[in-house]
Amino acid sequence: MRFSRLLGRTLKEVPAEADCASHQYLVRAGMIQQLAAGVYSYMPMGWRVLKKIEQIIREEMDKAGGQELMMPSLQPLELWEKSGRLPSFDKTLFVVTDRKEHKLAIGPTHEEVITDLVSRTVQSYRDLPQMPYQIQNKFRDEPRPRGGLLRVREFFMKDLYSFDIDEAGLNESYARMVQAYKNVYTRCGLPAVMVEADSGAIGGKASHEFMLLTESGEDEIIYCSKCEYAANTEKATSIKSGAATTEPLPVAEVSTPGITAIDALAVFLGVRPDQTLKAVFYTADGEIVFVMIRGDLEVNETKLKNLLKCTDLHMGTEAEVKGAGLVAGYASPMSIKGIKVVADDSIKLGSNFVAGANKPDTHLRNVNYPRDFQVDILADIAITRAGDTCPRCNHKLLSRKGIEVGHVFKLGTFLSERFGAYFLDKDGVTKPIVMGTYGIGLGRLLAAAIEQNHDEKGIIWPLPIAPYHVYLCPLKMEDKHVSKTAEKIYTDLTEAGIEVFFDDRDESPGVKFNDADLIGIPLRIVVSQRTLQNNSVEIKWRKEKQAGTLPLDGLTEAITKLVNISGTC
RNA sequence: CGGGGAGUAGCGCAGUUGGUUAGCGCGCAGCGUUCGGGACGCUGAGGCCGGAGGUUCGAGUCCUCUCUCCCCGACCA
């Protein structure tokens, strides 16, 4: 490809709307263009990267036993009513109405369609297992698209679904997919880490996310300094420290005028935060819930949401709290009636806590569970933080930021039962097919690759997903010797199967070098009067500081070798 | 959906208390000079000032409504 013919241009200035590195560089390098919020065109240069990623994924899915197919984006809304997932998708579903007033969802994912499809196709255990997949654009009306390609409303996803005869089969498919995912990220030159993830309100059995570690990531990963434990902070657990338990003392009221926050309360009464109990109110699907947790900890809303099996969870508003007869800041689990009480298991670790008295300006000392109050649900609902203790090996937990670039999920039989996806087993017994679902967001992976691989000059593509292998950069094209040599190198390399981006523009060296750095093609070849004096060219890896030289003689072979070695790393 | 910000040339921005023909930089086109880290000169093209309504002799500027985009929170690949 010649730069002079490329559709797309590089920009010197940072686009006003771009905040994160990947967004800025993708726009500045002319790889994407925005059409609407969370809706982007891929320009030819960006599209090549996406195609590279797609091909790597396709190869690994096929190798793992996947079969590529293509399902429609238009999905009758009835399918969503049937699956029961309409409420949880709710407004993120784009819905269109056809001329007959029939409603169709524009596919945000394809569990419904594939399960329906498989239910009509698979009849016997002999037909299983199956791993159909597709690579296609999905549509989700995200409440807030952000970060360029990081979260968009129309995006490319590889979605694979596994269908097995039993749990053991699912586990096997799942393991195979996990391996395939690891292969994908490794081959892309993007090492991702696998972490335990929240399985959501659907109530699946297990779920893992693949994270690309980068400071700009919006997910937090908790991992152990010693063992293999790693989890999304939404899911992470820890061994909670226990304050020393002492003999239960009689409950006593204490006046705490104007003091509502835990820190202030602890200082005022001369106790540590973990000697207090905190009350928080949530509204779960319209019902007010009283949540108790030890004062030094905080509520993990994802855990709480799963526990309550609700679709909408938010902090109780002032009106909701008052309406339930609670006194914010001084609420007590004692004397609560008719309100669901959920408590973190930390309330058992310690004794003689300070808690609210359920009247203004007053707290209670020496509150003990279960002597003084009861709860409806007692479970782990606390946020795990770096510095906490690993639930597996007792060592310290650490945390890093990451971008979720893949998610695998054991679904079970929930959907197959709803869609009548049954099969006849060896013994002639009808059973529901056991499902798994596995997604990779391609555009997100592309953006995450940049977040992880860039410098102040621009993108540094890993070679396997780079738009081109070589940036051929002749300086002073008017010089016949230079331009002729460059043309020949272009032809020779291209014929040898090297992907060359030829900067044939009549631009000054500075412009060319800066564009080369911005676009981030891994290997740069400079042809100039200076290099030709020695019958050589300059070569420089984008990721290296130093440049080297190669003789013109045997250049094609030398470059081929370089690209092949680096391409299979 | 709650909170904050912004819409003026392809991009980044300026535009005073309302006052002629709306500017600057980059980019773009032509000519010439330059050529190893965003060169220079000259000439030129390019605007429904997001949209609708209003106030006014007069609106980019004031008022009302509306649309869009970005950022922070609740969601996701």
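The model shown is predicted, which means the values in this text are computed figures rather than measured ones. Side-chain atoms are counted along with the backbone in the values below, which use heavy atoms only and exclude waters and symmetry mates. In what follows, chains carry the letters A, B, and so on, assigned in the order in which the sequence lines appear, proteins first and then strands, with residues in each chain numbered from 1.
Rounded to whole Å, the C1' atom of B:rG18 lies 12 Å from the corresponding atom of B:rC57. Taking atom P in both B:rA52 and B:rU8, one finds a spacing of 16 Å when rounded to whole Å. B:rA77 and B:rA14 have their C1' atoms separated by 42 Å, given to the nearest Å. For B:rG25 and B:rA9, the P atoms lie 16 Å apart once the distance is rounded to whole Å. Comparing B:rU20 with B:rG15, their C1' atoms are spaced 16 Å from each other, to the whole Å. Spacing of P atoms, B:rU17 relative to B:rG10, comes out at 28 Å, to the nearest Å. The separation of B:rG53 from B:rG73, taken at their P atoms, amounts to 39 Å, rounded to a whole angstrom. Going from the P atom of B:rG36 to that of B:rC42 covers 24 Å, rounded to whole Å.
Across all strands shown, B:rU61 has no partner, as no Watson-Crick or G-U wobble contact with both distances under 3.5 Å is found. For B:rU56, there is no paired nucleotide, since no Watson-Crick or G-U wobble pair has both relevant distances below 3.5 Å. Pairing for B:rG7 goes to B:rC67, judged as Watson-Crick or G-U wobble with the two contacts each under 3.5 Å. With a 3.5 Å ceiling on both atom-pair distances, B:rA77 lacks any Watson-Crick or G-U wobble partner. Pairing partner, B:rG2: B:rC72, with both Watson-Crick or wobble hydrogen-bond distances short of 3.5 Å. Nucleotide B:rC24: paired with B:rG12 (Watson-Crick or G-U wobble, both distances less than 3.5 Å). The nucleotide B:rG37 finds no pairing partner, because no Watson-Crick or G-U wobble arrangement with both distances shorter than 3.5 Å includes it. Figure legend. B:rC48 is base-paired to no nucleotide; pairs are counted as Watson-Crick or G-U wobble with both atom distances under 3.5 Å.
A side-chain N or O of A:Tyr438 and one of A:Ser162 form a donor-acceptor pair less than 3.5 Å apart. Under the 3.5 Å distance criterion, with hydrogens and angles disregarded, a donor-acceptor pair is assigned to the side chains of A:Ser22 and A:Glu451. A donor atom on one side chain and an acceptor atom on the other are not found under 3.5 Å apart for A:Asn300 and A:Glu234. A donor-acceptor contact closer than 3.5 angstrom links the side chains of A:Tyr133 and A:Asp62. Side chain to side chain, A:Gln75 and A:His110 meet the donor-acceptor criterion of an N or O pair below 3.5 Å.
Sorted by first and then second residue, the pairs that involve residues 45-68 of chain A and meet ring pair (Phe, Tyr, Trp, His ring centres under 6.0 Å), not counting sequence neighbours, are A:Tyr42-A:Trp47, A:Trp47-A:Phe156.
Between the CZ atom of A:Arg153 and the C1' atom of B:rU68 there is a distance of 11 Å, rounded to whole Å. Protein atom OH of A:Tyr438 is 15 Å distant from nucleotide atom P of B:rA77, rounded to whole Å. In this structure, A:Arg9 places its CZ atom 14 Å from P of B:rG12, rounding to the nearest Å. Computed from coordinates, the A:Met43 CE to B:rC11 C1' distance equals 13 Å when rounded to whole Å. Taking atom CD of residue A:Gln24 and atom C1' of nucleotide B:rC70, one finds them 13 Å apart after rounding to whole Å. Put simply, CD on A:Glu17 is 13 Å from C1' on B:rG10, counting in whole angstrom units. Rounding to whole angstrom units, CZ of residue A:Arg28 and P of B:rC26 are separated by 16 Å. If you take CD1 of A:Ile32 and P of B:rC11, they are 15 Å apart, rounded to a whole angstrom.
Checked options A:Lys457, A:Arg505, A:Lys12; the residue passing with A:Asp515 is A:Arg505 (criterion: salt bridge (charged side-chain N to carboxylate O under 4.0 Å, His left out)).
Applying the 3.5 Å distance criterion, the base of B:rC76 shares a donor-acceptor pair with the side chain of A:Arg444. Counting distance only, with no hydrogens placed and no angle test, the side-chain atoms of A:Arg144 and the base atoms of B:rG4 include no donor-acceptor pair under 3.5 Å. Donor-acceptor pairing under 3.5 Å, judged by distance alone, is present between the side chain of A:Arg151 and the base of B:rC75.
A:Ala18 comes within 4.0 angstrom of nothing in the nucleic acid, heavy atoms only. Contacts of A:Asp219 with the nucleic acid, taken as non-hydrogen atoms under 4.0 Å apart, include base atoms. No engagement by A:Gly148 is indicated, since no non-hydrogen atom pair under 4.0 Å with the nucleic acid exists. Residue-level contact check: A:Glu142 touches the bases, meaning some heavy atom is under 4.0 Å from a base atom.
Annotation: cation-pi geometry satisfied between A:Arg48 and A:Tyr468 (NZ/CZ under 6.0 angstrom from ring centroid, within 45° of ring axis).
Aromatic pair A:Phe502/A:Phe3: centroids not less than 6.0 angstrom apart.
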Per-nucleotide protein contact string for nucleotides 32-37 of chain B (B base, S sugar-phosphate only, - none; heavy atom under 4.0 Å) = ---BBB
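For the pair A:Ala16 and A:Val152, both in contact range of RNA chain B, the more 5′-proximal nearest nucleotide belongs to A:Ala16. Nearer to the 5' terminus of RNA chain B, by closest-nucleotide assignment, is the contact made by A:Pro143 (compared with the other of A:Glu209 and A:Pro143).
One finds no side-chain N or O of A:Lys12 lying less than 4.0 angstrom from the OP1 or OP2 phosphate oxygen of B:rC11. For B:rC70, one of the phosphate oxygens OP1 or OP2 lies less than 4.0 angstrom from a side-chain nitrogen or oxygen of A:Gln34.
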inquiry  = I'd like to know whether A:Glu538 forms a salt bridge (charged side-chain N to carboxylate O under 4.0 Å, His left out) with A:Arg530, so could you lay out the CA-CA distance, the side-chain angles of the two residues, the decisive distance to 0.1 Å, and finally the verdict.
reply    = CA-CA 10 Å; A:Glu538 177 195 282; A:Arg530 192 199 285 176; 5.7 Å; no
